[in-house]
Amino acid sequence: DKLDEEKHMKTLYAVIGNPIGHSMSPVMHNDLFSLYHIDASYLPFQVQEDDLQTAVKGLKALGVGGFNLTVPYKSKIIPFLDEVDELAASIGAVNTVVNDGGKLIGYNTDGVGFLRGLNVLMSSLKGKNVLIIGAGGAARAIYFTLAKENPQVIDITNRTITKAESLIEACPYPISSNAYSLDAAEKNLALYDVIIQTTLIGMSPKAFEQPLTLNGMKPGTIVCDIIYNPLETQFLQKARQNGGKTQNGIEMFVFQGALAFEKWTGIFPDVERMRETIFTQLGGQHVNR
Ligand code: ATR
């Protein structure tokens, strides 16, 4: 009968972006669905901006289990959702949508994904001094999420200092923060326990650039770059040579995916397996883990 038919229907999951061809999410999630014997498929869709609302309506009509958003739709999706959770609303970006019985609910797992990755190196941020480099969308998700973890300070440095100032003003959680120019931050790197690089500098075509030099950092500083291709940016290489404990963007990517998977299925997946899936996809390099 009809109920039985529904029970045996494969569930669709998706990622929407433009471009979308290089997304590693489909392989990562499909591997997990098969590992946990969940009858579902995760597909990438390249959607034009003018078609975003139609695409979302279509996915809803098709009974999608949920979907991810990537560049350039994390903010643009919001008007087309039925509900947005508090953290995602404050960040102003949604990367994960859950179809809850016909209601599309938006979440942001990027910031918490970064935090969970950082927790692999450092169990608590309480009392720590943190520097974020960059003031774009990724910085915003990370900043608002870390602000809730009771660090001593989270400073922001950016090429355009006014953008760092606006970000600090926009933070809805109580946190002590200052905005610095890249030059000023460079001179005070020894103040920080954690330095987080969130700009595109270090990725092709800027693979041989870095947003600031790390000469002044103290050994033992945790230095993260959210870029994962290349696995080790110039910035991370310098950090490692200066005695830093480094982490690339694989951790954030894997944990944002793990948190999305958990929202969809109730299962927090095997992140070590997810790392392996990603390394295999990136060509089997095992650099700087
Ligand atoms: P994302 O959503 O990935 O964070 P974004 O919102 O476009 O991307 O933000 C890009 C970040 O990279 C910004 O902090 C930007 O600095 P500006 O605010 O001054 O634009 C930074 N960025 C990009 N190109 C840069 C460059 N050549 N030098 C320094 N910073 C750069």
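When a ligand or atom number is given, it counts from 1 through the structure's own listing order.
- Nearest heavy atoms, Pro269 versus Ala258: CD-O, 3.4 Å.
- Ligand 1 places these atoms under 4.0 Å from at least one heavy atom of Ala138: 1 (P), 2 (O), 4 (O).
- With values rounded to the nearest 0.5 angstrom, Glu232 atom CD is found 10.0 Å from Lys238 atom NZ.
- Atoms OG1 and CG, from Thr109 and Asn95 in turn, are 3.5 Å apart once rounded to the nearest 0.5 Å.
- Here the options are Thr246, Ile227, Ile201, Leu212, the test is side-chain contact (heavy atoms from CB on, under 4.5 Å), and the partner is Phe235; only Leu212 passes.
- Contact of the Leu121 side chain with the Gln247 side chain is registered, since non-hydrogen atoms from C-beta on lie closer than 4.5 Å.
- The shortest contact between atom 5 (P) of ligand 1 and any protein heavy atom is with Gly136 CA, 3.9 Å.
- Heavy-atom proximity to atom 29 (C) of ligand 1, evaluated over Ile201, Thr199, Ile161, is greatest for Ile201.
- Atom CG of Leu43 and atom CD1 of Ile16 lie 11.5 Å apart (nearest 0.5 Å).
- Annotation: atom 27 (N) of ligand 1 to nearest protein heavy atom, Arg159 NH1, 3.3 Å.
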(Q) Could you walk me through whether Thr198 and Tyr143 satisfy the side chain to side chain donor-acceptor pair (under 3.5 Å) test, starting with their C-alpha distance in whole Å, then the side-chain angles of each, then the deciding distance to 0.1 Å, before giving a yes or no? (A) CA-CA 10 Å; Thr198 73; Tyr143 177 45; over 6 Å; no
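- Remark: atom 7 (O) of ligand 1 lies closer than 4.0 Å to no protein heavy atom.
- Of the protein's heavy atoms, Thr160 OG1, 2.4 Å lies nearest to atom 19 (O) of ligand 1.
- At the shortest separation from atom 2 (O) of ligand 1 among protein heavy atoms lies Gly137 N, 3.3 Å.
- For Pro211, the closest heavy-atom approach to ligand 1 does not fall below 4.0 Å.
- Side-chain contact between Val15 and Phe67: absent, with no pair of heavy atoms (C-beta onward) separated by less than 4.5 Å.
- Of the N or O atoms in Ala135, one or more lie within a sub-3.5 Å distance of an N or O in ligand 1.
- Of all the atoms in ligand 1, the ones that sit under 4.0 Å from a non-hydrogen atom of Lys163 are 17 (P), 18 (O), 20 (O).
- Among all protein heavy atoms, the one lying closest to atom 3 (O) of ligand 1 is Leu200 CD2, 4.0 Å.
- In summary, the atoms of ligand 1 found under 4.0 Å from a heavy atom of Gly134, numbered by their order in the structure, are 14 (O).
- Residues Tyr192 and Val130 fail the side-chain proximity criterion, which asks for heavy atoms closer than 4.5 Å.
- Asn158 OD1, 4.0 Å is the protein heavy atom nearest to atom 15 (C) of ligand 1.
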